[in-house]
Amino acid sequence: MSSCTRLLYFVKHRSLWTHVRRNVTTWSPVGAAFNAKPQRRQNLVEKNVGLFGVTELSCPAGFQAATETALRNTQRLVDKVISGPSGVGTVESFDQLSDELCKVADLADFVKVAHPDPAFREAAEKSCIEIGTVVEKLNTNVELSNSLKKLLENPDTVSQLDPDSRRVAELFMFDFEISGIHLDEKLRKEAVALHVKLLDLNNEFLVNSHQPNRIARSAIPEHLHLHFASEGSFIQVGGLHADSPDDLVREIAYRIYLYPNADLMKCLEELLKCRYKMAKLVGYESYAHRALKGTMAKTPETVMSFLQLLTDKLSDKTAKDFTMMSNMKKKLNPLNAELMPWDHPYLSGVLRAERYNIEPSLYSPYFSLGACMEGLNHLFSQLYGVSLMSEQPSAGEVWNEDVRKLAVVHETEGLFGYIYCDFFQRQNKPHQDCHFTIRGGRWLQETGQYQLPVVVLMLSLPHPTQRAPTLLTPGMMENLFHEMGHAMHSMLGRTRYQHVTGTRCATDFAEVPSILMEYFASDYRVVSQFARHYQTGQPLPKSMVARLCESKKVCGAADTQLQIFYAVLDQIYHSQPQNRSTTEILQEMQNKFYGLPYTPNTAWQQRFGHLIGYGAKYYSYLMSRAVASMVWKQCFVQDPLNREMGERYRREMLAHGGAKEPMQMVEGMLQRQPTMEEFVDALVSELDLNFETFLMDSES
């Protein structure tokens with residue numbers, strides 16, 4: 001029996017859960033890999049294979065070598081494209097060129113933020129800058145652009161392209177156009193200068209938007225000093241303290257953290273002006289029109305219509321949510337009963353806890369990390385015939401000893417790719433949950449094989465202890481499922497071209513697979529397959545799952561309305577120039593699209609970091625959730641483990657990455673053309689609750 005056959009036999013016949021005497025749970029291999037500390041082999045002669053198996057990256061200096069190799073190969077491909085005939089080979093060469101740069105740049109993007117060794121981080125940062133400079137030059141290379149333009153303007157040649165090749169060629173052409181390649185030399189230089197200025201402004205805003213504000217210690221009551229960091233005679237406020245039970249702490253944090261910073265406000269104003277000027281220069285009505293090309297929404301007008309309709313249909317529910325919060329505040333603090341923006345997160349949490357008793361510590365024993373990974377393994381096996389197989393990394397392959405490596409293996413199609421799981425907290429590691437593409441999948445014409453995708457999932461979970469494995473709160477468990485949705489999109493999006501592989505798709509579609517996974521994580525038929533007490537093996541009671549699901553609906557309309565307000569603000573900022581300050585715009589939009597009053601001398605927009613990576617696209621999460629809701633209700637709610645529906649989902653939505661129009665993928669899955677009103681109704685219907693009961697509860 002071959003090793004591959006043995007592997008598949010093991011996948012098909014192993015039992016995911018085995019219970020031994022006294023009802024103590026034993027783990028399958030993937031569960032054991034995450035519920036125990038990793039046992040590293042002590043082999044002093046084992047060769048260092050380099051990060052992710054890239055031989056050059058056995059030491060920080062290897063980044064320079066890898067970069068130089070990529071740039072040599074890039075120049076060779078540029079020469080080939082410029083001098084070669086037009087045809088599908090042109091598209092393949094463009095994709096190969098992109099792949100050469102991305103394989104180093106994407107890897108470096110991850111290493112520069114996650115590697116514990118400062119030398120590796122610094123070397124990765126240098127590679128990012130060097131490759132970024134080359135990419136900017138390529139985006140303004142007229143000869144390179146003309147080779148693609150020549151291809152797309154020849155009807156005979158275009159007719160010979162398959163749909164994927166044509167779409168990828170058009171996407172590459174779009175990248176040229178938004179860089180101003182079609183402009184005359186003078187305007188092209190202006191576009192390049194604007195782009196360089198925008199890079200600097202983006203970085204300046206992103207860095208400073210997270211900086212704390214400070215105030216003299218004497219300005220706030222002494223008994224509250226302990227809630228904030230001290231800096232000599234000043235108190236530092238580095239966040240909103242939204243979960244503090246003390247009204248005054250929340251108010252102080254809100255007023256100080258959001259107090260306007262003149263330099264930061266000037267940076268934001270200049271950034272928005274430059275974005276508008278750049279968009280106009282390359283032929284768009286506004287930055288939003290440029291940013292939304294190729295998305296599901298397509299235009300700012302569609303986005304605003306979606307947000308306005310959602311606001312209208314949520315209005316009654318939102319009003320009732322704010323009434324509940326207001327009544328709760330009166331109950332908790334009769335002397336200061338006015339509902340303010342700093343009350344919303346805290347009071348919604350109080351209402352959820354009071355109504356449903358969802359204390360995280362009651363759930364965590366059932367959600368050991370190993371159990372959750374087994375649950376994901378079981379789910380993917382049933383939906384797609386895919387299993388997660390734990391592998392021992394080679395020497396030098398991972399950046400920290402607690403990183404786990406998973407092979408993603410299909411029962412008949414073989415190895416799909418690798419997921420590196422960087423799940424645990426450590427010093428200097430970003431405290432965020434995210435998915436990184438390290439290497440995109442693509443068909444290798446020269447070898448006739450598929451380049452396997454490689455991704456990293458990064459979480460910030462507590463380490464296991466001698467007494468217990470890592471135990472997840474319900475929120476942590478949901479985040480794990482969410483991020484694994486991105487990972488499986490990368491694994492199953494087996495596109496011909498890496499430029500559109502996996503999550504390299506429209507922003508308002510990219511979150512659909514991850515949000516859909518949240519529905520699976522909330523369904524008892526799925527949860528019951530893995531949620532067992534780590535000591536006794538007892539299953540999580542169905543009533544606890546039901547309470548958890550219902551609790552998410554409490555104040556859900558108000559929470560959604562807050563996101564609508566942010567999305568509207570983002571759209572207005574990126575529309576036509578308003579001839580008024582960003583704060584004046586915020587004040588008007590807050591009154592119109594939120595409901596809680598604007599607080600004078602605050603500027604929430606200076607903390608709106610999503611304006612950088614999601615400029616004009618903040619609505620994407622709401623639209624992705626609407627699509628995911630429709631897919632869940634129409635395709636999975638009857639049977640979340642249905643293999644036939646899982647295969648349809650893989651075939652219609654996951655397999656294409658960004659190689660197909662996003663709305664076409666949605667229509668293929670739903671087998672009909674959904675309307676904007678149906679998207680809105682899908683979101684609104686999720687929030688149905690017995691609000692009268694809640695009103696009585698909060699008033700009692």
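Just so it is clear, the structure is predicted and the values come from calculations on it, not from any experiment.
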Please report the interatomic distance CG(L335) to CG(L332), rounded to the nearest 0.5 Å.
12.0 Å

Any donor-acceptor N or O pair under 3.5 Å, side chains H656, Q664:
no

Has S244 got a side-chain atom pairing as donor or acceptor with D246's backbone, closer than 3.5 angstrom?
yes

Using a strict cut-off of less than 4.0 Å between a Lys/Arg side-chain nitrogen and an Asp/Glu carboxylate oxygen, indicate whether K266 and E269 qualify as a salt bridge.
no

Could you state the interatomic distance from CZ (F205) to CG (L198), rounded to the nearest 0.5 Å?
13.5 Å

Side-chain donor-acceptor pair under 3.5 Å between S522 and K552, yes or no?
yes

What's the separation between atom CD in Q587 and atom NZ in K592, rounded to the nearest 0.5 Å?
14.5 Å

Step-by-step side chain to side chain donor-acceptor pair (under 3.5 Å) determination, Y619 to D508:
CA-CA 8 Å; Y619 78 93; D508 55 4; 2.7 Å; yes

Establish, yes or no, whether a centroid distance under 6.0 Å links the rings of F436 and F110.
yes

The test is side chain to side chain donor-acceptor pair (under 3.5 Å); show your working for T311 and Q308 and say whether it passes.
CA-CA 5 Å; T311 295; Q308 184 64 63; 5.1 Å; no

Could you check whether any side-chain N or O of R547 sits under 3.5 Å from a backbone N or O of Y356, counting only pairs where one atom can act as donor and the other as acceptor?
yes

Is the distance between the ring centroids of F228 and H241 under 6.0 Å?
yes

Between D559 and K553, is there a salt bridge with N-O shorter than 4.0 Å?
no

How long is the span from the CG atom in N261 to the CG atom in L268, to the nearest 0.5 Å?
11.5 Å

Could you walk me through whether F636 and F520 satisfy the ring pair (Phe, Tyr, Trp, His ring centres under 6.0 Å) test, starting with their C-alpha distance in whole Å, then the side-chain angles of each, then the deciding distance to 0.1 Å, before giving a yes or no?
CA-CA 9 Å; F636 291 107; F520 287 100; 5.2 Å; yes

Pair T299-T302, side-chain donor/acceptor within less than 3.5 Å:
yes

Do the ring centers of W604 and Y598 come within less than 6.0 Å of each other?
no

Taking every non-hydrogen atom, the tightest pair across A114 and M458:
CB-SD, 4.0 Å

Do side-chain atoms of Q590 reach the backbone of L596 as a donor and acceptor pair under 3.5 angstrom?
yes

Please report the C-alpha distance between R250 and D247 in whole Å, then the side-chain angles of each, then the deciding distance to 0.1 Å, and finally whether the salt bridge (charged side-chain N to carboxylate O under 4.0 Å, His left out) criterion is met.
CA-CA 5 Å; R250 296 197 306 274; D247 289 4; 2.7 Å; yes

Could you go through the salt bridge (charged side-chain N to carboxylate O under 4.0 Å, His left out) check for K331 and E354 one step at a time?
CA-CA 13 Å; K331 180 178 175 181; E354 180 182 75; 3.2 Å; yes

Tell me whether the rings of H344 and Y594 are parallel (<30°), tilted (30 to 60°) or perpendicular (>60°).
parallel

Before accepting this row, confirm whether a basic side-chain N of the pair E270/K197 lies closer than 4.0 Å to the acidic partner's carboxylate O.
yes

My understanding is that only residues two or more places apart in sequence, or in another chain, count here; which of them pass side chain to side chain contact (heavy atoms under 4.5 Å, CB included) with H435?
T437, V455, L457, E483, H486, A487, S490, T503

All pairs passing salt bridge (charged side-chain N to carboxylate O under 4.0 Å, His left out) where residues 678-687 contributes a residue, at least two apart
K313-D681, R672-E678

Charged N to carboxylate O under 4.0 angstrom, R290 versus E285?
no

Is any NZ, NE, NH1 or NH2 atom of the basic residue among D570 and K617 found under 4.0 Å from an Asp or Glu carboxylate oxygen of the other?
no

Cationic tip of R275 within the cone over Y287's six-membered ring, i.e. under 6.0 Å and within 45° of the normal?
yes

Y618 and H610: aromatic ring centres closer than 6.0 Å?
yes

Is the closest side-chain donor-acceptor distance between S286 and Q576 under 3.5 Å?
no

Whether the side chain of S629 engages the backbone of R625 through a donor-acceptor N/O pair (distance < 3.5 Å, no angle test) should be reported.
no

Straight-line distance of D321 CG to L351 CG, nearest 0.5 Å
8.5 Å

So, Q432 and S460: side-chain donor and acceptor under 3.5 Å apart, yes or no?
no

With a 6.0 Å cut-off on ring centres, are F608 and Y573 close enough?
no

Salt bridge E251-R255, side-chain N to carboxylate O under 4.0 Å
yes

When rounded to the nearest 0.5 angstrom, what distance separates OG in S575 from CG in L272?
9.5 Å

Y257 six-ring face occupied by R607 cation (under 6.0 Å, within 45°):
yes

